[in-house]
Amino acid sequence: TSGAPLEDELFPAGKPPADTPIVDPGNAVYLLLLLATANQWARALIFYTVDFKVAPSDEAARLFMNVDVGFGQAEYGLLASIGFAALFSLTSLVAGGFVDRVNTRNLLTGTSALWSGATVAQGLANSFPALLASRVATSIGQGFTNPSSYTILGRLYPADKRATVNGLYASSVYFGGGLAALSVIIDQQVG
């Protein structure tokens, strides 16, 4: 680097774009890592709250969503495929172009609020249609997280730091998945 302040290297025009987060670049990756970890945790949580081998009982209803809400393997397939994965993939494709045209910070904030609220709704669902609707909302909201986050990281960090920053951010998949697996312990305690 030329020894110029980080802002001069990142924003040669002297001013960051209007949608650049007001966060120290040193901390931005950790903030986005936390957001993406929560995203992955919410996404994977459903995998650990179903069991199609357990006999229906009050205790099974307390522990397993499929028993409590009353859905079978075919409905679960719908939740996992069209209800989440297909819509998430399509949303991610659209999100990339959308992120280039709007205020990235506001978009990420709004879509994070959407998937967070949908995750709460998923936990409160007492019917399969309500559960499916919450998974659909989760998939649409979460589809914007990576395109928005990588855009923000690309704006905040110089090229010689991006591989490290992107690798750290990408580790959210494993942190979130690990937290989802550990949620089995919480589920056993509180249902």
>> Are L156 and L168 connected into the same hydrophobic cluster when the rule is that any two of I, L, V, M, F, W, Y join if their side-chain heavy atoms are below 4.5 Å apart?
In response: yes

> Quick one: OG1 on T145 to CG on N39, what's the gap to the nearest 0.5 Å?
Replying inline: 4.0 Å

> What's the spacing between K161 NZ and L153 CG if we round to 0.5 Å?
Replying inline: 14.5 Å

> Taking only residues two or more places apart in sequence or in another chain, which ones pass side chain to side chain contact (heavy atoms under 4.5 Å, CB included) with I82?
Replying inline: L78

>> Going by ring-ring contact (aromatic ring centres under 6.0 Å, His included), name the residues that satisfy it together with F88, two or more places apart in sequence or in a different chain.
In response: F84

> Any idea which heavy atoms bring V67 and P56 closest together, and the distance?
Replying inline: CG1-CA, 4.1 Å

> Between S112 (side chain) and T109 (backbone), is there a donor-acceptor pair under 3.5 Å?
Replying inline: no

>> Give me the atom names and distance for the closest heavy-atom approach of A60 to V54.
In response: CB-CG2, 3.9 Å

>> I need the full list of side-chain hydrogen bond (donor to acceptor under 3.5 Å, both in side chains) pairs touching residues 123-139, with sequence neighbours left out, sorted by first then second residue.
In response: Q122-R135

> How many angstroms lie between CG in L131 and CD1 in I46, if you round to the nearest 0.5 Å?
Replying inline: 5.0 Å

> When clusters are formed by joining ILVMFWY residues with side-chain heavy atoms under 4.5 Å apart, either directly or through shared neighbours, do F175 and V165 land in the same one?
Replying inline: yes

> How about L32 and L108: do any of their side-chain heavy atoms sit closer than 4.5 Å?
Replying inline: yes

>> Rounded at 0.5 Å granularity, tell me how far CG in L79 sits from CE in M65.
In response: 8.5 Å

> Residues in ring-ring contact (aromatic ring centres under 6.0 Å, His included) with F128, at least two apart?
Replying inline: F71

> Applying the 4.5 Å side-chain criterion to the ILVMFWY set and letting contacts propagate, would Y48 and V50 be lumped into a single cluster?
Replying inline: yes

> By side chain to side chain contact (heavy atoms under 4.5 Å, CB included), which residues pair with L45, not counting sequence neighbours?
Replying inline: W41, S183

Going by atom type alone, with no hydrogens or angles, which donor-acceptor pairs under 3.5 Å involve a side-chain atom of residues 94-101 and a protein atom two or more places apart or on another chain?
unit_1, atom_1, unit_2, atom_2, d
R101, NH1, G97, O, 3.0

>> Starting from Y30, can I reach Y174 by hopping between I/L/V/M/F/W/Y residues whose side chains sit under 4.5 Å apart?
In response: no

> How would you list, by chain and number, every residue that makes a side-chain hydrogen bond (donor to acceptor under 3.5 Å, both in side chains) with N146, sequence neighbours excluded?
Replying inline: Y169

>> Using side-chain heavy atoms (C-beta onward) and a distance below 4.5 Å, is V120 in contact with L124?
In response: yes

>> Who clusters with L34? Use side-chain heavy atoms, under 4.5 angstrom, across I, L, V, M, F, W and Y, and order the result by chain and number.
In response: none

> In chain order, what residues pass the side chain to side chain contact (heavy atoms under 4.5 Å, CB included) check against A38, with sequence neighbours excluded?
Replying inline: W115

> Going by the side-chain hydrogen bond (donor to acceptor under 3.5 Å, both in side chains) test, which pairs reach into residues 74-95, not counting sequence neighbours?
Replying inline: none

>> Rounded at 0.5 Å granularity, tell me how far OG1 in T111 sits from CG in N106.
In response: 10.5 Å

>> Quick one about S148 and R105 (side-chain donor to acceptor, distance below 3.5 Å, no hydrogens or angles considered), yes or no?
In response: no

> Going by the salt bridge (Lys or Arg N to Asp or Glu O under 4.0 Å) test, which pairs reach into residues 36-59, not counting sequence neighbours?
Replying inline: E59-R62

> For S172, which residues count as a side chain to side chain contact (heavy atoms under 4.5 Å, CB included) partner, sequence neighbours excluded?
Replying inline: L33, A36, T37, Q40

>> Go through it in stages, so that I can follow the logic: the residues are T49 and F64, the test is side-chain contact (heavy atoms from CB on, under 4.5 Å), and I'd like the CA-CA distance, side-chain angles, deciding distance and then a yes or no.
In response: CA-CA 5 Å; T49 58; F64 302 108; 5.8 Å; no

> Does atom CZ of F52 have more than 12 heavy-atom neighbours, drawn from other residues, nucleotides or ligands, at distances under 6.0 Å?
Replying inline: yes

